[in-house]
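Excluded from the calculations below are hydrogen atoms, water molecules and symmetry mates; all remaining heavy atoms, backbone and side chain alike, are included. Counting convention: from 1, in listed order, for ligands and their atoms alike. In this chain, numbering begins with 1 at the start of the sequence shown. Treat the numbers as computed from the prediction; the structure is a model and nothing was measured.
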Amino acid sequence: MAEQEESAALIARAAATHRLTEAELVQLLGDAAATEQLAAAADRVRHDYVGDGVHLRGLIEFSNICRQNCMYCGLRRDNGKTERYRLDAATIVELARKAKGYGYHTVVLQSGEDAYFTVPRLCAIIRDIKKLDMAITLSLGERPREEYAAFRAAGADRYLLRIETTDRDLYEKYDPGMSWANRDRCLRDLRELGYEVGTGTLVGLPGQTLAMLARDILYYQALDADMLGIGPLIPNGDTPLGTAKPGDFALTRRMVSLLRLLLPEANIPATTAMETMVPRGRELILASGANVVMPNVTEGDYRRKYALYPGKICVADTPADCRHCMGGRIKAMGRYVAEDKGFRRHRLCQG
Ligand code: 5AD
Ligand code: SF4
Ligand code: FES
């Protein structure tokens, strides 16, 4: 069979059975000519499994202080150029209250690995936000199991922690001082504690192969991940990977589409990094399998200071701007903004 026919047959089979082998995934990840066909199949599966509603999650970037030193990230502790900040509890809760006013049903509390935010401090914030009847997603990095359990007991619903790559050597090379086994442990603990678990890949780490990306997808299937955030590496000049090649946008897009085919019920965001690379990139990804957008609800200059990579979008916009912008763009695509909390499955007790 010619490559074209072979890819078409694989895509049809994946859309029907939601299964592919590592070798089949490698073939599709590597077939640039199959990008549009993959996106169309993923868009149909997205429609059939999770519908046309797009879930908006309001992102609060509450501290850019981080004890880790990831080689690609602007928040790494050795980057002296980052102007560090930490919002206080009252400000964080107030941002969540305003997000509720804009019609968000979920807030994502995201930060570097900042030890100031101890269990008592975070649990008080979580409890206050829960009084607003919002779902809470945490994205604070690696913590001991007991801390995850305490956040869950205080009302946190979901947790985002990208594995970045399932290749242990590559992971430990670019996340120095961190252990892949511990990251994997965190994801399993979160799963056992009843969180909806989000993870994902950083596409374009130097040395990353298509086989590694294929194994990432199979790992997410085995973990039964609820959410999958995928983005291309955007080299940050203030980090050791500053002169690396940027991640390949079309490859990242194929990865999103394959994730939709293999994990049909998952919540998959069109990430900010996609739009930093390509104007209207989030629409393109929403039409290639994704069903979630996470507009920023942080206010003022903090948006600019939370700089993982250069060229971040919306740094001069307000939370109201982003809410209206995304609402309009979603409608223009013939989709709609979902009005529920956007859990992956219906749950009887949501605290
Ligand atoms: N380019 C793209 N994504 C990045 N991240 C961190 N630095 C970069 C970068 N330079 C991603 C990582 C991390 C998430 C919060 O941001 O995947 O998990
Ligand atoms: Fe810290 Fe996360 Fe950036 Fe790593 S990727 S330096 S853990 S904020
Ligand atoms: Fe921020 Fe469009 S999403 S202005």
Legend entry - Proximity flag Glu275 to ligand 3, non-hydrogen atoms under 4.0 Å: no
Inset, instruction - Record the part of Leu308 in heavy-atom contact with ligand 1 below 4.0 Å; permitted values are side chain, backbone, both and neither. - result: both
Legend entry - Sole candidate of Glu339, Lys341, Lys100 that passes side-chain hydrogen bond (donor to acceptor under 3.5 Å, both in side chains) when paired with His105: Glu339
Legend entry - Tyr85 and Tyr302 aromatic ring geometry - parallel, tilted or perpendicular at 30°/60° bounds: tilted
Inset, instruction - Around atom 3 (Fe) of ligand 2, find the nearest protein heavy atom and jot down its residue, atom name and distance. - result: Cys73 SG, 2.3 Å
Legend entry - Shortest protein contact, atom 12 (C) of ligand 1 (heavy atom only): Glu164 OE1, 3.5 Å
Legend entry - Nearest non-hydrogen protein atom, atom 11 (C) of ligand 1: Arg162 NH1, 3.7 Å
Inset, instruction - Number the atoms of ligand 2 from 1 as they appear, then name those within less than 4.0 Å of a heavy atom of Gln68, with their elements. - result: 7 (S)
Legend entry - Minimum-distance protein heavy atom relative to atom 2 (Fe) of ligand 3: Cys325 SG, 2.2 Å
Legend entry - Cys70 to ligand 1, any heavy atom closer than 4.0 Å: no
Legend entry - CG on Leu228 to CD1 on Ile163, rounded to 0.5 Å: 12.0 Å
Inset, instruction - Decide if the gap between the ring center of Phe151 and the ring center of Tyr159 is smaller than 6.0 angstrom. - result: no
Inset, instruction - Mark yes or no for whether Asp216, through its side chain, and Thr165, through its backbone, hold a donor-acceptor pair below 3.5 Å. - result: no
Legend entry - Nearest protein heavy atom with distance in Å, relative to atom 1 (N) of ligand 1: Ile234 N, 2.9 Å
Legend entry - Enumerated ligand 2 atoms positioned under 4.0 Å from heavy atoms of Cys70: 4 (Fe), 5 (S), 6 (S), 7 (S)
Inset, instruction - Check ligand 3 against Asp317 and write out every atom of the ligand that is under 4.0 Å from a heavy-atom position of the residue. - result: 4 (S)
Inset, instruction - Considering only non-hydrogen protein atoms, determine which one is nearest to atom 3 (S) of ligand 3 and report residue, atom name and distance to 0.1 Å. - result: Arg282 NH2, 3.2 Å
Inset, instruction - Under 4.0 Å from a heavy atom of Cys314: give me the atoms of ligand 3 that qualify, with their elements. - result: 1 (Fe), 3 (S), 4 (S)
Inset, instruction - Look at Asp189 together with Arg185 and state whether they make a salt bridge at an N to O cut-off of under 4.0 Å. - result: yes
Inset, instruction - Using a 4.0 Å heavy-atom threshold (strictly under), name the region of Pro232 that reaches ligand 1: side chain, backbone, both or neither. - result: backbone
Legend entry - Inter-residue atom distance Asp128.CG - Ile136.CD1, 0.5 Å rounding: 9.5 Å
Legend entry - Residue, atom name and distance, where the atom is the protein heavy atom closest to atom 1 (Fe) of ligand 2: Cys66 SG, 2.2 Å
Inset, instruction - State, without any angle test, whether Arg260 and Asn291 hold a side-chain donor-acceptor pair at a distance under 3.5 Å. - result: yes
Inset, instruction - Consider only side-chain N and O atoms of Arg303 and Thr298, and report whether a donor and an acceptor are under 3.5 Å apart. - result: no
Inset, instruction - Check whether the side chains of Thr166 and Arg215 place a donor and an acceptor atom closer than 3.5 Å, and report yes or no. - result: no
Inset, instruction - Show which atoms of ligand 3 fall inside a sub-4.0 Å distance from at least one heavy-atom site of Arg329. - result: 2 (Fe)
Inset, instruction - Please write down residue, atom name and distance for the protein heavy atom closest to atom 7 (N) of ligand 1. - result: Tyr72 CD1, 3.3 Å
Inset, instruction - For Arg76, counting its heavy atoms only, list the atoms of ligand 2 lying under 4.0 Å from any of them. - result: 6 (S)
Inset, instruction - Would you kindly say whether Gln68 and Asp175 are connected by a side-chain donor-acceptor distance under 3.5 Å? - result: no
Inset, instruction - Would you check if there is a donor-acceptor pair between the side chains of Asp52 and His47 at a distance under 3.5 Å? - result: yes
Inset, instruction - Using a strict cut-off of 4.0 Å, indicate which atoms of ligand 3 neighbour a heavy atom of Cys322. - result: 1 (Fe), 3 (S), 4 (S)
Legend entry - Interfacing atoms of ligand 1 (cut-off 4.0 Å, heavy-atom, Leu202): 2 (C), 3 (N), 4 (C)
Inset, instruction - Kindly determine whether Tyr195 and Asp226 satisfy side chain to side chain donor-acceptor pair (under 3.5 Å), including the steps that lead there. - result: CA-CA 9 Å; Tyr195 282 92; Asp226 301 294; over 6 Å; no
Legend entry - Cys73: numbered ligand 1 atoms lying under 4.0 Å from its heavy atoms: 6 (C), 7 (N)
